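First comes the structure, then the notes that go with it.
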Amino acid sequence: IISAQVIMKPHCVLGLATGSSPIGTYKQLIEWYNKGDLDFARVMSINLDEYKGLSPENPQSYRYFMNTHLFHKININHANTYVPNGTEPDAEKACQAYNELLHKIGPADIQILGLGHDGHIGFNEPGTSFDSVTHMIELKESTRQDNARLFFDGKIDEVPTHAITMGISNILQAKKVLLVACGENKAQPIKVLVEGEKTTDVPASALQDHNDVVVIVDKAAASLLTK
Ligand code: GLP
């Protein structure tokens, strides 16, 4: 789906995500780029979120993740890749700047999403308003615990307490949404997203209001679906 988008519209805007879920997707795109099938020279990208306080050089930052897992391995113009600024001391200013950017270059033609075990998308934790735009959020302890595995020695103390994230309404503006979820701990939010009632307790359920969402799951993540 993503490669078709890049071929059909070489100047498309890709909404990108971090986490373990999209790593295989990025590997596949890099492989096709290396084969000469994809050209990212005119593509622009907007990422969902960034930890507050982590610089682009910090290997735990989402900017660093995107550079190493995708941007440095394809011919995208680095100046056309955007991630919220986690090091701006005035978070309000960083959020406003990102909202303005999204207005200017968005909406994304495709937004890729992973899924938190509590149903979060980007870093929009349960309870976040569906009308939200880019904002700073305090991360739930369980989210920090989950993400600790990706930090150096896997300790929760190393995971920042806050992040800047696109809001749910920014995400809903994408023309198409592609959500990838694997593993048993995603089964409950997948059930609510696909078969349940829309509720701010499960932020991903906001996607029920979008008219073009593709949900890709493995058997474990699909295990609670009944229909
Ligand atoms: C983080 C990111 C989310 C991501 C989630 C799930 O919280 N902010 O965008 O979807 O992790 O990560 P994983 O794909 O590793 O399960």
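We count ligands from 1, going down the list as the structure has it; atoms in each ligand are counted the same way. Everything numeric here is computed off the predicted structure, so don't read it as measured data.
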Atom-level proximity to ligand 1, residues with heavy atom under 4.0 Å: Gly19, Ser20, Ser21, Asp49, Tyr62, Gly114, Leu115, His120, Gly122, Phe123, Asn147, Arg149, Lys186
Distance-only check: which donor-acceptor pairs under 3.5 Å involve side-chain atoms of residues 29-40, not counting sequence neighbours?
from: Asn34; atom 1: ND2; to: Ile30; atom 2: O; distance (Å): 3.4
from: Asp39; atom 1: OD1; to: Ala41; atom 2: N; distance (Å): 3.0
from: Asp39; atom 1: OD1; to: Asn75; atom 2: ND2; distance (Å): 2.7

No-hydrogen, no-angle side-chain donor-acceptor test under 3.5 Å, Arg63 and Thr81: yes
Quick one: side chains of residues 94-112, donor-acceptor pairs under 3.5 Å with protein atoms, not counting sequence neighbours, listed by atom name and distance.
from: Gln96; atom 1: NE2; to: Glu100; atom 2: OE2; distance (Å): 3.4
from: Tyr98; atom 1: OH; to: Asn47; atom 2: N; distance (Å): 3.1
from: Tyr98; atom 1: OH; to: Asn47; atom 2: O; distance (Å): 2.7
from: Tyr98; atom 1: OH; to: Tyr82; atom 2: O; distance (Å): 3.2
from: Asn99; atom 1: OD1; to: Thr134; atom 2: N; distance (Å): 3.0
from: Asn99; atom 1: OD1; to: Thr134; atom 2: OG1; distance (Å): 2.8
from: Asn99; atom 1: ND2; to: Cys95; atom 2: O; distance (Å): 3.4
from: Asp109; atom 1: OD1; to: Lys9; atom 2: NZ; distance (Å): 2.8
from: Asp109; atom 1: OD1; to: Lys175; atom 2: NZ; distance (Å): 3.1
from: Asp109; atom 1: OD2; to: Lys9; atom 2: NZ; distance (Å): 3.2
from: Asp109; atom 1: OD2; to: Val13; atom 2: N; distance (Å): 2.8
from: Gln111; atom 1: NE2; to: Gly15; atom 2: O; distance (Å): 3.4

Pairing residues for His135 by the ring-ring contact (aromatic ring centres under 6.0 Å, His included) criterion, not counting sequence neighbours: none
Glu138-Thr161 side chain donor-acceptor pair, cut-off 3.5 Å: no
Validation row: Phe123, Thr143 side chains within 4.5 angstrom (heavy atoms): yes
